[in-house]
Amino acid sequence: MLCGLLRKQTIWLRGNGLRTCQISPMTRCLSGIVGGSHHLHNYDQGWRSQENLSVCFKPYRCSIVPLCSLFVSGSSQSRTVYSSACLSAASTGNTGSAFGWYESLADTAPVNLAESLLISLHETSGMPWWANIVCATVALRTTVTLPLSVYQMYILAKVENLQPEIDALAKQLRYEVSVYGKQHGWTDKVARFQFRKNLRRIISGLYVRDNCHPFKASLLIWIQIPMWIFVSIALRNISLNRADSATGDAVQKQLTEGGLLWFPDLTMPDSTWILPVTLGLLNLLIVEIFALRKIELSRFQKIITNFIRAVSIAMIPIASTVPSSMALYWVTSSCVGLAHNLLLRSPALRRVFRIPRSKSDSDTPYKDILSAFVLKYFPKK
């Protein structure tokens, strides 16, 4: 029904003189909403294959929650290209009506708070601005996102440890549905529907029992992405003196002299492309470390991984157009994210944080990562 209304609205808009390119963003947005779906494991294949036992079909009474296990690395590659593109365009001063929402966002309380914190840290510490940005980034990522990364690992480990139990229950349920369906003359379509519905209920009940619903693992991105956006906009504001005040002029002047090595002026883009390329390589490295895990990625995780690879590459030209202060923040954030990712692979540190041991854990994680990386990208001929 929503698609039908969208088509009618599109025809009406075109009839009123609007171009297709003006309508397409809304069309893509709504298409993404109505086109999303969730998939279970392929447990339904061969559900009629067992016929030796006679077990009565018993419905499982638990709330229906779709099975969803999505791993998100705690790094900067999870940011969207569109948001970064808007930051890039706005940082050059080309803020027309299309970016009116951005100007509103740039004057919100979280952005103003981030500006105040950055300026206060600089005034208190007396460090040059490049060091101030690096220290602020490390402090934010360590105090805010590191605990959330630990919690994410904790949830994902518990979900992974539930998989053998889910497999066993799915096998039993497959047989029960097969027997019950034959007794009542169910078609394959009806039997498959009943199997999936009850499997969802079983999995939901297990998540509730162990308090480890995969959605809780996504808490990291709901905190990290907004924080990254607010700090990025705050750095853009002070780099371009958006406030247009005496204090803003003084801070902007400090930024023009507060760079390092090949980027002495933090208010200008990095013309050497060293920071943008470094950012892209760091993000790709984080993605590959995740992809080289022992356990095989699901189809959905493979799609997300490839999408993040594309975003990591797209961030390179975007980072080359924003002030160096923003590019430095992005690079530092990715470095910290990579460090956290590697630290949380350590068996000793996982024991300290009481992260349950899972099948994919290794006693020599760093050696395994290096071996897998060499085998994948430098195979012996």
For Phe353, which residues count as a side-chain contact (heavy atoms from CB on, under 4.5 Å) partner, sequence neighbours excluded? Val150, Leu344, Leu349, Ile355
Which residues pass the side-chain contact (heavy atoms from CB on, under 4.5 Å) test with Thr272, sequence neighbours left out? Trp262, Asp270, Ile274
So salt bridge (charged side-chain N to carboxylate O under 4.0 Å, His left out) across residues 332-341, not counting sequence neighbours, yields none
Listing request: all salt bridge (charged side-chain N to carboxylate O under 4.0 Å, His left out) pairs with a residue in residues 257-268, at least two apart in sequence or in separate chains. Lys253-Glu257
Cluster link [X] to [Y], ILVMFWY, side chain under 4.5 Å:
X	Y	result
Met268	Leu275	no
Met227	Val331	yes
Phe193	Leu169	no

[X]: what forms a side chain to side chain donor-acceptor pair (under 3.5 Å) with it, not counting sequence neighbours?
X	answer
Asn112	none
Arg357	Asp363
Arg209	Glu165
Gln183	none

Starting from [X], walk the hydrophobic network (Ile, Leu, Val, Met, Phe, Trp, Tyr; side-chain heavy atoms closer than 4.5 Å) and list everyone else you reach, by chain and number.
X	result
Leu113	Leu117
Val277	Trp273, Leu281, Ile316
Met127	none

Quiz question: by atom type and distance under 3.5 Å, do the side chains of Ser325 and Ser239 form a donor-acceptor pair? yes
Any donor-acceptor N or O pair under 3.5 Å, side chains Ser334, Asn283: yes
Decide side chain to side chain contact (heavy atoms under 4.5 Å, CB included) for Ser346 and Tyr366; before the verdict, give the C-alpha distance in whole Å, the side-chain angles of both, and the deciding distance to 0.1 Å. CA-CA 8 Å; Ser346 169; Tyr366 306 119; 3.4 Å; yes
Does anything in residues 108-129 form a ring pair (Phe, Tyr, Trp, His ring centres under 6.0 Å)? List the pairs, not counting sequence neighbours. His122-Trp129
State the CG-CG distance between Leu118 and Asn132, to the nearest 0.5 angstrom. 6.5 Å
The reported gap from CG in Leu146 to CZ in Arg141 (rounded to nearest 0.5 angstrom) is 9.0 Å
Is the side chain of Thr142 donor-acceptor paired with the backbone N or O of Val138 at a distance under 3.5 Å, no angle test? yes
Kindly determine whether Ser218 and Ile221 satisfy side chain to side chain contact (heavy atoms under 4.5 Å, CB included), including the steps that lead there. CA-CA 6 Å; Ser218 67; Ile221 64 173; 4.2 Å; yes
Using a 4.5 Å cut-off on heavy atoms from C-beta on, say whether the side chain of Tyr207 contacts that of Val159. yes
Side-chain heavy-atom pair Leu338, Ile289 within 4.5 angstrom cut-off: yes
Could you go step by step and tell me if Phe307 and Ile303 meet the side chain to side chain contact (heavy atoms under 4.5 Å, CB included) rule? CA-CA 6 Å; Phe307 173 74; Ile303 293 174; 5.5 Å; no
Side chain to side chain contact (heavy atoms under 4.5 Å, CB included) for Ile133 and Leu235? Distances and angles first, verdict last. CA-CA 9 Å; Ile133 293 172; Leu235 285 169; 4.0 Å; yes
Between Tyr180 and Trp186, does a ring pair (Phe, Tyr, Trp, His ring centres under 6.0 Å) hold up when you go through it step by step? CA-CA 8 Å; Tyr180 193 85; Trp186 284 355; 5.2 Å; yes
